[in-house]
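Okay, handing you the structure first.
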Amino acid sequence: MIAPVPQDYRGQVLELGAGNGALTLRLAARCPEARILACEINPALARDVRRNVAAAGLGDRVRVVADSAENILSNWSRGEGESPDFVISGIPLGNLPRERVNSLLDKISAAIQEDGMYIQFQHSLIDRKKVRAHFPNLRTLPVLWNFPPAVIYYGRKAVQPNLAGRRSGLA
Ligand SMILES: C[S@@+](CC[C@H](N)C(=O)[O-])C[C@H]1O[C@@H](n2cnc3c(N)ncnc32)[C@H](O)[C@@H]1O
C-alpha cells in the first residue's frame with residue numbers, strides 16, 4: 001500500500017483512520033525522514049497508536065490526533081500545516097453515505113499538494129467513480145491475497161504530475 005512513498009521522502013504524510021497504528025509504524029520505519037500526522041476517530045484506538053508510536057521512539061516525527069478526518073482536513077485547508085504530498089486512508093468509504101464520501105474527497109483534494117498522491121484501502125469498488133472524479137489519474141490495484149479481498153486506489157489530481165518534484169521521489 002505504501003510502496004509509492006519513497007524511502008527517502010522528507011515531507012509530510014497525512015494518515016486518515018490509523019486504526020491501531022500498524023500501517024503508521026510501517027510507514028515511519030520505511031521513511032525515516034518523513035513527518036506523519038495520523039488521525040483516528042476512535043479515542044481508544046488513537047491512544048493505542050500514540051502508545052505504540054512512543055514505544056517505537058517515533059514521537060518526534062509522528063503525531064497522533066484523536067479526531068475525525070473531516071476535522072483534520074478542514075483545519076488543514078484553512079492553512080494550518082504544510083500540505084501533505086501523500087494522504088493515506090483506511091477509512092471505510094463504502095460504509096458512508098454518498099454525500100459524506102464526496103465531502104471527504106473534496107477535503108482531501110483541497111488539502112493535498114497539486115502533484116501529491118491519495119492512497120485509499122477499500123474492500124469494494126463501489127466508490128471508484130467518486131474517487132476518479134476527484135483524482136482523474138487513478139490506478140486501482142486488487143489485493144486478492146488479503147482476506148477479505150481488497151483494492152487500493154492510487155490517485156493523483158494531475159494527469160501528468162509535475163516531475164520537477166520539490167521533494168524526493170514524487171515522480
Ligand atoms: C480499516 S481501519 C484502518 C486500519 C489501519 N490502516 C491499520 O493499519 O491498522 C479504519 C479506521 O478508520 C477509522 N475511521 C473511520 N471513520 C473515520 C473518520 N471519519 N475519521 C478518522 N478515522 C476514521 C476507524 O475507527 C478505523 O480504526
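Atoms within a ligand are numbered from 1 in the order they appear, just like the ligands themselves. If you read the sequence from its start, that first residue is 1, and numbering goes on from there. Bear in mind that the values here come from a model prediction, so they are computed numbers and not experimental data.
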Between Leu45 and ligand 1, which part of the residue brings a heavy atom under 4.0 Å of the ligand: side chain, backbone, both or neither?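 The answer is the side chain.
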Do you know the tightest heavy-atom contact between Gln12 and Glu82? CG-O, 3.8 Å
One finds that the ligand 1 atoms under 4.0 Å from a non-hydrogen atom of Gly90 are 1 (C), 10 (C)
Are Leu138 and Val101 co-members of a hydrophobic cluster defined by side-chain heavy atoms under 4.5 Å apart?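 Linked, Val101 and Leu138 end up in one cluster.
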Nearest candidate to atom 16 (N) of ligand 1, where distance is taken over non-hydrogen atoms, out of Asn71, Asn95, Ile91: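 Among Asn71, Asn95, Ile91, the closest heavy atom to atom 16 (N) of ligand 1 comes from Ile91.
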Could you tell me whether the side chains of Ser89 and Gln120 share a donor-acceptor contact shorter than 3.5 Å? yes
Please confirm whether Tyr9 and Phe86 have ring centers closer than 6.0 angstrom. yes
So, the side chain of Arg61 versus the backbone of Ala28: is there a donor-acceptor pair under 3.5 Å, distance only? yes
Heavy atoms only: which of Met1, His123, Glu40, Glu70 is nearest to atom 13 (C) of ligand 1?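 When every heavy atom of Met1, His123, Glu40, Glu70 is considered, Glu40 comes closest to atom 13 (C) of ligand 1.
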Does the Lys157 side chain pair with the main chain of Ser109, one donor and one acceptor, at a distance under 3.5 Å?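 Checked: pair present.
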May I ask you to identify the nearest protein heavy atom to atom 12 (O) of ligand 1, giving residue, atom name and distance to one decimal place in Å? Gly17 CA, 3.3 Å
Is the backbone N or O of Asn20 less than 3.5 Å from a side-chain atom of Asn52, with the two atoms forming a donor-acceptor pair by type?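 Confirmed, Asn52 side chain pairs with Asn20 backbone.
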Which of the ligand 1 atoms, numbered from 1, are nearer than 4.0 Å to a heavy atom of Ala18: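 So the atoms of ligand 1 that pass are 5 (C), 7 (C), 9 (O).
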Could you tell me, atom by atom, which parts of ligand 1 come under 4.0 Å of a heavy atom of Leu23?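 So the answer, numbered in order with elements, is 8 (O).
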Tell me the contacting part of Gln122 for ligand 1: side chain, backbone, both, or neither, using a 4.0 Å heavy-atom threshold, strictly below. neither
Contact atoms of ligand 1, heavy-atom distance to Arg100 under 4.0 Å: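 Going through ligand 1 atom by atom, the ones under 4.0 Å from Arg100 are 19 (N).
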The single option from Ile119, Leu125, Leu141 that satisfies side chain to side chain contact (heavy atoms under 4.5 Å, CB included) with Tyr153 is Leu125
Heavy atom of the protein closest to atom 23 (C) of ligand 1 (residue, atom name, distance):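 Checking every protein heavy atom, the shortest distance to atom 23 (C) of ligand 1 gives Ile41 CG2, 3.5 Å.
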If Ile, Leu, Val, Met, Phe, Trp and Tyr residues are connected whenever their side-chain heavy atoms lie under 4.5 Å apart, and connections chain through other members, are Ile108 and Ile126 in the same group? no
Could you tell me the residue and atom name of the protein heavy atom closest to atom 15 (C) of ligand 1, and the distance to it rounded to 0.1 Å?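 Minimum-distance protein heavy atom for atom 15 (C) of ligand 1 reads Pro92 CD, 3.9 Å.
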Could you list the atoms of ligand 1 found under 4.0 angstrom from a heavy atom of Asn20?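 The atoms of ligand 1 under 4.0 Å from a heavy atom of Asn20 are 9 (O).
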Which ligand 1 atoms, with their elements, are less than 4.0 angstrom from a heavy-atom of Gly19? 27 (O)
What about Ala69: any of its N or O atoms under 3.5 Å from an N or O on ligand 1?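 There is such a contact, yes.
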